[in-house]
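Every heavy atom of this structure was used, including side-chain atoms; hydrogens, water molecules and symmetry mates were not. Every value quoted in this text rests on a predicted model; they were computed, and no experiment measured them.
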Amino acid sequence: MSLRAQLPTPVPDATARVAHAVFPQGNTYLNLRDELGTLFADEDFAPLYPTRGQPAEAPWRLALVTVMQFAENLSDRQAADAVRARIDWKYALGLELIDPGFDSTVLCEFRTRLVAGGAEQRLLEAVLQRCRERGWLKPRGRQRTDSTHVLARIRAVNRLECARETLRHALNDLAIVAPVWLRANSQASWVERYVGRLDDSRLPMGQEERRAYACQLGADGHALLAAVSAPEAPAWLREVPAVETLRRVWVQQFYLEAGQIRWRTEAEGIPPSGVFISSPYDTEARYAKKHTTTWVGYKVHLTETCEDDAPHLISHVATTPAPVADGDMTPQIHQDLQDQDLLPGKHLADTGYVDAELLVNSRQEFGVDLIGPTRSDYKWQAKAGAGFAASNFTIDWDGQQATCPEGHASTSWTPAVDRGHNDVIKIKFSAKDCGSCPSRGQCTRGERRAITVRPQEQYLALQAARERESSAEFRREYARRAGVEGTISQGVRACGLRRARYVGEAKVHLQHVATAAAMNVLRIRDWLMDKPREQTRTSAFAKLMAPAPAA
């Protein structure tokens, strides 16, 4: 397919006449075309196409169809049918009423080009650029961020099921690409063991029986890998993706002891979830747990504007493996927004995105005021409310010494790194001073008191943030963050945000970007129609029990 860039075509007269007759009050796509034009241009996607070959479908149309497809949560086939059959879609796309459209596979091919060329962000950037031109999007305002889990397009299984399915997947792929070789190197018993899929209920139930089954499974997989790696085997077999996945899973699930394949347990060490393969069909999907929710897949982070005098627009989308912590994404979100000249002045986020180091770096590197509740001091002295918490100690940063509330000076000052890989300072006091202190019961349960604090700038920023949290101004400002929950709800309920359509992080990120662009289009429609924003619903019981208004 080649591209000869052309200007978007105007709406044909017949299409315009019929569309306005059928929708005299307008509709989403008529208003979109009239107010914002075509959003995209062929030049935006020209680098993705060769200069020779059969002419391709106009990429500006495919981009617009992709956005409309995600706005209505349609499959490729449903979207292609909508292009052929719906008058409002033909109006937005500038097509004649008799235009037959295109095959649904064209949309898949277009998405592949976007992912291969790293151009998926253009779907969102084009919408945001039109909003800039209309004055709806300005830097240094307020923005808010939150994340939600995304289920991968796979079946979540336990470790034993995953290992068996990985071997079965490799056998099936080799049966297609190297049938003669596989027939010569397979064992007859493999047909019965791995011909079909088994769920957990059909696997051995007893612990010893399962261990024996796992060892047999490990031996079979090891035998296949040994045959693939043999000098007489074709070298290209080792490059088959399913074989490489089998090798990686076997390293994670099994180990070799005295010439025997053994099943890994926690005693032998199981890889962390950040690298552990949970399915052979999506090797980038990862297991994660947050509170009581567990899932295998990804996480999407949405950042949106939240000014009262403009539509609330999603300005940034990030897709990560499921175990990635929210706080790890705060610097990346700020950097990406800076690259787009969309940095907020105030960034509202929940505790997961806020940390002492992030408070300092956000202000110093990006000029962003990161607003959100900090993690509270979890030590018993702070929880009790009557003890001596770390914040009650006076710290002399230049002298590298701390003084306790009873006036005793510390005896050691040691820079260190905590379990979260944060720079900290461990400060210890004399056991002699603590032993004779009248306030020892309020301070320590050990022989002497020790406190751990962040470096000076981080410590002061954390204390200032905790003090600000108690103010009414903070509560009013932070109340705006709750609106991003509605954004996630809209994405999940209307656009299928929480279930991955595709396999692999890059393709799932394309889905999220297209969903964000689609949600922006829907919000622009509501803004142009002066539709009021939805308010938080009040339950029937809360309404009933609410005090009556004063007479």
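Within the 3.5 Å criterion, the main-chain N or O of Lys289 finds no donor-acceptor partner in the side chain of Thr294. Under the 3.5 Å distance criterion, the side-chain polar atoms of Arg523 are matched with a main-chain donor or acceptor of His312. Of the possible donor and acceptor atoms, none in the side chain of Arg247 sits under 3.5 Å from a partner among the backbone N and O of Leu225. Side-chain atoms of Asn31 do not come within 3.5 Å of backbone N or O of Arg525 as any donor-acceptor pair. Using modelled atom types, no side-chain atom of Ser489 and backbone atom of Glu485 make a donor-acceptor pair closer than 3.5 Å. A distance-only check finds no donor-acceptor pair linking the side chain of Arg77 to the backbone of Leu74 [under 3.5 Å]. Remark: side-chain polar atoms of Glu284 are paired, donor with acceptor, to backbone N or O of Glu505 under 3.5 angstrom. In this structure, Arg61 contributes its side chain and Leu93 its backbone to a donor-acceptor pair below 3.5 Å. Glu161 places a side-chain N or O within 3.5 Å of a backbone atom of Asn158 that can act as its donor or acceptor partner. At least one donor-acceptor pair under 3.5 Å links the side chain of Thr66 to the backbone N or O of Leu62.
A distance of 5.0 Å separates CG in Leu123 from CZ in Phe40, rounded to the nearest 0.5 Å.
The aromatic rings of Trp190 and Tyr194 sit perpendicular to each other, their planes meeting at more than 60°, with 30° as the lower class boundary.
Classification of Glu473 and Arg476 as a salt-bridged pair fails, no side-chain N sitting under 4.0 Å from a carboxylate O. At a threshold of 4.0 Å, the pair Glu477-Arg481 does not count as salt-bridged, since none of the basic side-chain nitrogens sits closer than that to a carboxylate oxygen. The residues Glu165 and Arg168 are annotated as salt-bridged, a charged nitrogen and a carboxylate oxygen being separated by less than 4.0 angstrom. Of the charged side-chain nitrogens involved, none lies within less than 4.0 Å of a carboxylate oxygen, so that Arg480 and Glu307 do not count as a salt-bridged pair.
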inquiry  = Quick one, Thr487 with Glu304, criterion side chain to side chain donor-acceptor pair (under 3.5 Å). Give me CA distance, side-chain angles, the key distance, then yes/no.
reply    = CA-CA 9 Å; Thr487 296; Glu304 68 171 2; 2.7 Å; yes
query = Between Arg130 and Glu125, is a salt bridge (charged side-chain N to carboxylate O under 4.0 Å, His left out) present by the stated rule, with each step listed?
reply = CA-CA 9 Å; Arg130 293 301 174 91; Glu125 290 171 355; over 6 Å; no
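Tested against Val513, the residues Leu114, Val300, Leu124 include a single side chain to side chain contact (heavy atoms under 4.5 Å, CB included) partner, Leu124. Screening Arg140, Arg363, Lys346 for a salt bridge (charged side-chain N to carboxylate O under 4.0 Å, His left out) with Asp369, the sole residue that qualifies is Arg363. Just one of Leu171, Ile277, Val249 meets the side chain to side chain contact (heavy atoms under 4.5 Å, CB included) condition when paired with Thr166; it is Val249.
Here the closest heavy-atom approach between residue Tyr281 and residue Val503 is recorded as O-CG1, 3.1 Å. In this structure, Gln340 and Ser315 approach most closely via the heavy-atom pair OE1-O, 3.8 Å.
Listed by first and then second residue, the salt bridge (charged side-chain N to carboxylate O under 4.0 Å, His left out) pairs involving residues 312-338 are Lys290-Asp326, Lys299-Asp326 (not counting sequence neighbours).
A side-chain donor from one of Asp282 and Tyr298 sits under 3.5 Å from a side-chain acceptor of the other. Counting only N and O atoms by type, the side chains of Ser279 and Arg155 include no donor and acceptor under 3.5 Å apart. A side-chain donor from one of Asp76 and Gln69 sits under 3.5 Å from a side-chain acceptor of the other.
Between His20 and Tyr91, the distance from one ring center to the other falls under 6.0 angstrom. Here His301 and His316 keep their ring centres 6.0 angstrom or further from each other.
In this structure, Arg501 forms a cation-pi arrangement with Phe70, its terminal cationic atom sitting closer than 6.0 Å to the ring centre and no more than 45° off the ring axis. Both cation-pi conditions hold for Arg113 and Tyr49: the charged atom is under 6.0 angstrom from the six-membered ring centre and inside a 45 degree cone around its axis.
Other residues, nucleotides and ligands place no more than 12 heavy atoms under 6.0 Å from the CZ atom of Arg499. Counting heavy-atom neighbours within 6.0 Å of Asp13 CG, excluding the residue itself, gives a total of 12 or less.
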